[in-house]
Amino acid sequence: MDDHQPRAPYGRRRRDREMQSRPDSPRSSRQYRGESYYGRPAIRPSHWGWMIAGYYFVGGLSGGAQVIVTVADLVDPIGNRAIVRAGRYLSLAGLLASTPLLIADLHTPKRFANMLRIVRPTSPMSMGTWTLSIFSLAAGLTAFAQLLDDTTDTPAATTIARICSIPAALSGLMMASYTGALTATTSVPLWASLSHILPTLFGLASSASAIAAITLVIEAGDEPEAAAKLEPLALLIGAAEVVTHAMIIKTWQQKGVTGAITTTHLNPAHKVGMVGLGALLPTAIHLLHNLSGRRSRETAISAAVATLVGIFIERVVIIFGGNESARRPTDYLQFTQPEAAKGSQE
Amino acid sequence: MSIERYPTAIPPRALDYPTGTLPGLLPNEAELTAGVTIIPGRTYGFFTDTSLCIGCKACEVACKEWNALPADNLGLTGDSYDNTAALSATTWRHVAFVEQISTAAGDRVTAMTPYQSNWLMMSDICKHCERAACLEVCPTGALFYTEFGTVVVQQDICNGCGYCVPACPFGVIGLSHADGKAHKCTLCYDRLKGGLEPACAKACPTDSIQFGELHELHTRASQRLATLQERGVPNASLYGAPGTPGTTGGIGPLHAFFLLLDRPERYGLPVAPTLPTTRTRDSLLIGFVTLVSVAAGAFAVFRGQKNHG
């Protein structure tokens with residue numbers, strides 16, 4: 001059986017029956033009044049779900065980690081060695097999880113290699129596939145060189161790791177953010193309205209989750225005091241995330257597409273999980289740490305865990321929210337009105 | 001065949017086959033059935049004139065039969081005569097029905113309007129956009145523009161990533177869970193290669209679905225629009241012809257375009273859709289700049305920590 005379109009709830013359909021009055025010219029200046037074809041969706045939702053949310057999370061974390069620890073390694077390789085080591089291994093773990101998740105999500109997984117048939121600059125998925133391939137190779141080699149450095153006395157290992165980390169970080173810049181461009185380069189109103197913001201949100205989220213994961217790894221390791229070095233950066237990124245969340249909510253309200261989130265079960269997940277746990281709470285804790293100069297291990301770990309949970313919820317809310325948005329014909333048909341006819345929303 | 005189409009009532013080639021039985025597949029059969037010579041390299045498409053549609057669904061049946069698509073949507077939807085509901089991976093022609101039974105004030109209409117008598121009937125199909133979103137986001141290159149100006153999915157390359165599905169501004173292409181690939185109307189690419197017109201156009205008894213070269217269809221459509229407006233159908237309009245709704249935002253003319261009798265939204269069609277991939281470059285760049293800023297912030301922080309011990 002194929003993916004038959006789900007039907008709209010009864011209330012919406014009754015209003016559409018009432019709307020079936022005399023025909024109207026599209027050139028008439030009257031504003032769009034919410035007509036649709038029996039309340040049926042005008043576009044199709046994606047099939048993306050938990051697996052893709054999982055990939056966004058681990059792939060972004062992997063890319064963000066590589067960027068941050070490469071900078072740390074270049075600036076102060078001795079002082080930042082715990083951060084660099086944790087980041088490189090986390091990056092490896094993330095990329096090892098990424099490709100299987102993506103392959104499993106394909107509907108014909110045995111043809112996963114067809115992703116590498118072409119390079120298509122108009123397709124964020126094509127650019128992302130090549131990014132993932134290059135990143136996997138470079139970050140994998142970096143982690144392998146790091147392992148050599150940690151387990152053997154090979155003097156060249158440090159240098160090899162550093163050399164490999166440059167392309168890893170450069171491709172990591174895209175790994176951490178391209179999924180935002182990919183999601184926004186669709187016709188789904190909740191996503192398409194964020195073409196210029198979602199890549200920023202995902203990039204910051206990837207970086208924040210990387211820092212949080214590195215913090216947890218270091219706190220559990222033999223140099224826990226090194227985790228404190230990440231506090232200022234965590235605060236900067238957290239603050240930027242809070243601003244980005246505000247911009248996103250404002251954009252959704254302006255475009256009249258918030259319904260997919262605010263009228264569904266995703267609303268608490270968005271407010272409490274995505275914004276609260278993912279950005280507000282950790283940023284408040286990092287602010288406290290940075291202002292007071294004191295850092296308690298418990299609150300630092302809480303901030304890191306909240307960040308990871310909140311950012312995973314963020315990926316889920318964006319994906320499932322978008323799928324819900326695609327099922328709302330009035331959202332899409334309003335979103336695709338010509339500029340002149342667009343009035344005030346919500 | 002409508003008289004508007006040919007200067008004489010009988011297409012010339014019909015006289016070559018005066019008997020009921022035929023010797024086999026006719027070469028260039030489209031010349032006979034549609035008055036179109038199919039030449040690779042020219043742009044072909046559909047003009048669907050909904051003022052002629054009688055809602056018989058011969059197009060749906062012909063499409064299913066020719067493409068060996070599975071039967072689906074076997075129940076009743078309760079939406080007038082539309083039991084197909086939508087385009088999907090296994091439904092490539094979908095006839096939409098809207099019964100306009102009340103005035104704006106809520107009373108029943110008492111007059112039958114010229115053309116369609118208060119019905120909207122429209123055979124929906126893949127629009128075969130000039131710049132197709134599905135094609136531009138496809139990472140495997142499965143989707144391509146054919147030598148006839150249409151958009152086709154190569155079934156031996158598609159790996160079912162499903163990115164084309166939310167990208168399509170008209171909700172056309174779908175993923176089949178049965179075979180794991182994306183499917184949509186091919187504009188009967190296989191028939192075009194054999195010189196036959198597409199199955200739905202051939203089956204349509206009223207020539208509501210007209211197949212031909214795109215520029216010729218545009219001319220015919222403008223003339224038809226003018227004629228209809230003269231005959232008392234002021235709300236008739238084109239959708240997907242150059243400069244009309246549906247061609248906005250970088251999509252360009254739709255090679256399968258329509259003459260509609262009401263606002264596009266009533267048929268579930270967007271008035272001013274956009275091509276999502278016009279935003280790709282800026283989106284990717286903004287993501288890149290975000291991470292460069294993160295790296296710059298990290299540099300400043302780590303440097304400060306190193307200098308102050």
Side-chain angles (χ1 to χ4, degrees), chain A residues 2-3 5 20-26 32 35-38 40 42-44 46-47 67-68 71-72 75-76 79 106-108 111-112 114-115 117-118 122-126 129 173 176-178 180-181 184-188 192 195-196 199-200 203 207 229 232-233 236 326 333 336-338, chain B residues 72 79 85-86 88-90 98 100 102-104 136-137 139-141 157 159-163 165-167 169 171 174-177 180-181 235 237 245 261-268 270-273 276-277 279-280 283-284 286-288 290-291 294-295 297-299 301-303 305-306:
Chain A
D2 86 318
D3 46 337
Q5 291 277 16
Q20 284 161 35
S21 51
R22 292 298 302 117
D24 210 15
S25 164
Y32 172 61
E35 301 97 320
S36 68
Y37 182 68
Y38 299 111
R40 291 194 176 272
I43 54 170
R44 306 180 74 86
S46 74
H47 72 274
V67 170
I68 291 170
V71 172
V75 170
D76 186 6
L106 292 174
H107 283 71
T108 308
R111 288 190 188 164
F112 70 92
N114 284 358
M115 292 300 207
R117 286 181 77 247
I118 57 167
T122 55
S123 170
M125 194 180 278
S126 177
T129 300
L173 294 170
S177 61
Y178 88 91
T185 305
T186 55
S187 293
V188 175
S195 293
H196 294 164
T200 298
S207 310
K229 304 188 81 176
L233 190 58
L236 281 175
L333 294 171
T336 51
Q337 289 296 307
Chain B
D72 50 10
D79 296 336
S88 69
T90 50
V98 178
Q100 299 183 305
S102 60
T103 63
E136 295 203 356
V137 300
T140 61
I157 295 175
N159 61 16
C161 77
Y163 195 16
V165 177
L175 268 176
S176 168
H177 294 277
K181 317 212 178 35
N235 295 314
S237 63
L261 300 179
D262 201 340
R263 298 174 71 100
E265 300 95 321
R266 290 260 170 82
Y267 299 87
V271 176
T277 48
R279 306 188 294 269
T280 304
S283 262
L284 287 172
I286 286 172
F288 179 79
T290 302
L291 264 296
V294 167
F299 179 80
V301 165
F302 292 132
R303 188 133 182 119
Q305 286 169 345
K306 180 182 181 187

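Computed from heavy atoms alone, side chains included, the values below leave out hydrogens, waters and symmetry copies. The sequence lines fix the lettering, A, B, ..., with proteins before strands; numbering per chain opens at 1.
Without hydrogens or angle criteria, A/Ser123 side chain to B/Val137 main chain gives a donor-acceptor distance under 3.5 Å. In this structure a side-chain-to-backbone donor-acceptor pair under 3.5 Å is missing from A/Arg44 to B/Val165. No donor-acceptor pair under 3.5 Å is formed between the side chain of A/Thr122 and the backbone N or O of B/Thr277. The backbone N or O of A/Val75 lies less than 3.5 Å from a partner atom in the side chain of B/Lys306, making a donor-acceptor pair. For A/Gln337 (side chain) and B/Val271 (main-chain N/O), no donor-acceptor pair under 3.5 Å exists by modelled atom type. Under a 3.5 Å cut-off, the side chain of A/Arg117 and the backbone N or O of B/Ile157 do not form any donor-acceptor pair.
Contact tally against chain A (heavy-atom pairs below 4.5 Å) for B/Pro166, B/Pro270, B/Gly297, B/Gly141: the top residue is B/Pro166. Heavy-atom pairs under 4.5 Å with chain A were tallied for B/Leu291, B/Asn159, B/Thr140; the largest tally goes to B/Asn159. Considering only heavy-atom pairs separated by less than 4.5 Å from chain A, the leading option among B/Tyr267, B/Tyr163, B/Phe302 is B/Tyr163.
Checked for salt-bridge contact, B/Arg303 and A/Asp76 miss the test: no charged N lies under 4.0 Å from a carboxylate O.
Closest of all the heavy-atom pairs between A/Arg111 and B/Lys181 is NH1-CE, 3.1 Å.
In this structure, the portions of B/Val294 lying under 4.5 Å from any heavy atom of chain A include both its backbone and its side chain. With a 4.5 Å cut-off on non-hydrogen atoms, B/Thr280 touches chain A through its backbone and its side chain both. Heavy-atom distances place both the backbone and the side chain of A/Ala192 under 4.5 Å from chain B.
Remark: the B/Thr290 side chain and the A/Thr200 side chain contain an N/O donor-acceptor pair separated by less than 3.5 Å.
With sequence neighbours excluded, no residue forms a side-chain hydrogen bond (donor to acceptor under 3.5 Å, both in side chains) with A/Ser126.
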